[in-house]
Visitor: 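Handing you a structure now.
Residue indices begin at 1 and follow the sequence shown. Heavy atoms only: backbone and side chains are in, while hydrogens, waters and symmetry mates are out.
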Amino acid sequence: MMKPQVPPKPEGLLQNIITYLCFKCGTFSTRKLVKLLYLVEVYYYQLYGKRLTKIPFYRYHYGVWSPYIEPKVEELYEKGVLIEKGFPTKK
């Protein structure tokens, strides 16, 4: 009997947070992931008085945005830690 293949562990704090959110919260868009990461940052700051990561967030049309998150998500896709799924949307 073969053992199930275990995906490689993510490297770095940001990739660890992204992986945790994806496995804990289920399936969601990259836009929602950015918003969740922002909320994690705000909550951590409220608790400890310092930033968890040094990622800058910017105001954008649909909420906060950071140019540093999407490349990290792409790395996790390439490593096989995350699996990208497409879902049909309503018109």
Visitor: Can Tyr68 and Thr53 be said to form a side chain to side chain contact (heavy atoms under 4.5 Å, CB included), step by step?
Guide: CA-CA 11 Å; Tyr68 300 98; Thr53 64; over 6 Å; no

Visitor: If you apply the rule side chain to side chain contact (heavy atoms under 4.5 Å, CB included), what do you find for Leu39 with Tyr43, and how did you get there?
Guide: CA-CA 6 Å; Leu39 291 174; Tyr43 186 68; over 6 Å; no

Visitor: Got a donor-acceptor contact below 3.5 angstrom from the Gln15 side chain to the Leu76 backbone?
Guide: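 Here the side-chain-to-backbone pair does not exist.
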
Visitor: Can you name the one residue among Leu21, Ile18, Ile17 that meets side-chain contact (heavy atoms from CB on, under 4.5 Å) with Leu36?
Guide: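 The side-chain contact (heavy atoms from CB on, under 4.5 Å) with Leu36 is passed solely by Leu21 among Leu21, Ile18, Ile17.
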
Visitor: Quick check on Ile83: does its CD1 atom have over 12 non-hydrogen neighbours (other residues, nucleotides or ligands) under 6.0 Å away?
Guide: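 Result for CD1/Ile83: open.
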
Visitor: Mind checking the CD-CD spacing from Glu70 to Glu75? Nearest 0.5 Å is all I need.
Guide: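 Interatomic distance, Glu70 CD to Glu75 CD, rounded to 0.5 Å: 13.0 Å.
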
Visitor: When you measure from the centre of the six-membered ring of Tyr45, is the NZ or CZ of Arg51 closer than 6.0 Å and no more than 45° off the axis?
Guide: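 The answer is no, since Arg51 fails at least one limit relative to Tyr45.
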
Visitor: Quick one: sort the Tyr58 and Trp65 rings into parallel, tilted or perpendicular, breaks at 30° and 60°.
Guide: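 Judged by the thresholds at 30° and 60°, the geometry between Tyr58 and Trp65 is tilted.
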
Visitor: If you define the side chain from C-beta out and look only at heavy atoms, does anything of Cys25 sit under 4.5 Å from Tyr20?
Guide: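 Counting from C-beta outward, Cys25 and Tyr20 never come under 4.5 Å.
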
Visitor: Can you name the closest pair of heavy atoms from Ile69 and Phe57 and give their distance?
Guide: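 For Ile69 and Phe57, the tightest heavy-atom pair comes out as CD1-CE2, 3.9 Å.
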
Visitor: Mind checking the OG1-NZ spacing from Thr30 to Lys35? Nearest 0.5 Å is all I need.
Guide: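 The distance works out to 12.0 Å.
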
Visitor: Would you check if the side chain of Ser66 reaches a backbone N or O of Pro56 as a donor-acceptor pair within less than 3.5 Å?
Guide: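 Answer holds: yes.
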
Visitor: NZ/Lys24 to OG1/Thr19 distance, rounded to the nearest 0.5 angstrom?
Guide: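 Interatomic distance, Lys24 NZ to Thr19 OG1, rounded to 0.5 Å: 14.0 Å.
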
Visitor: Above 12 or not: heavy atoms from other molecules or residues under 6.0 Å from OH of Tyr38?
Guide: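 12 or below, so no.
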
Visitor: State the CG-NZ distance between Leu33 and Lys72, to the nearest 0.5 angstrom.
Guide: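 NZ of Lys72 is found 13.5 Å from CG of Leu33.
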
Visitor: Same cluster for Phe28 and Tyr62 if Ile/Leu/Val/Met/Phe/Trp/Tyr side chains link at under 4.5 Å?
Guide: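 No; Tyr62 is not reachable from Phe28 via cluster members.
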
Visitor: To the nearest 0.5 Å, how far apart are CD in Glu74 and CG in Leu82?
Guide: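 Glu74 CD to Leu82 CG: 10.0 Å, rounded to 0.5 Å.
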
Visitor: Val64 vs Leu37, test: side chain to side chain contact (heavy atoms under 4.5 Å, CB included). Steps then yes/no.
Guide: CA-CA 10 Å; Val64 295; Leu37 286 168; over 6 Å; no

Visitor: Give the cluster check for Tyr60 versus Val40: same hydrophobic cluster or not, with ILVMFWY residues linked at side-chain heavy-atom distances below 4.5 Å.
Guide: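 Per the 4.5 Å side-chain linkage, Tyr60 and Val40 are not co-clustered.
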
Visitor: A side-chain contact here means heavy atoms from C-beta on lying under 4.5 Å apart; do Glu41 and Ile55 qualify?
Guide: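 Side-chain contact under 4.5 Å: no.
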
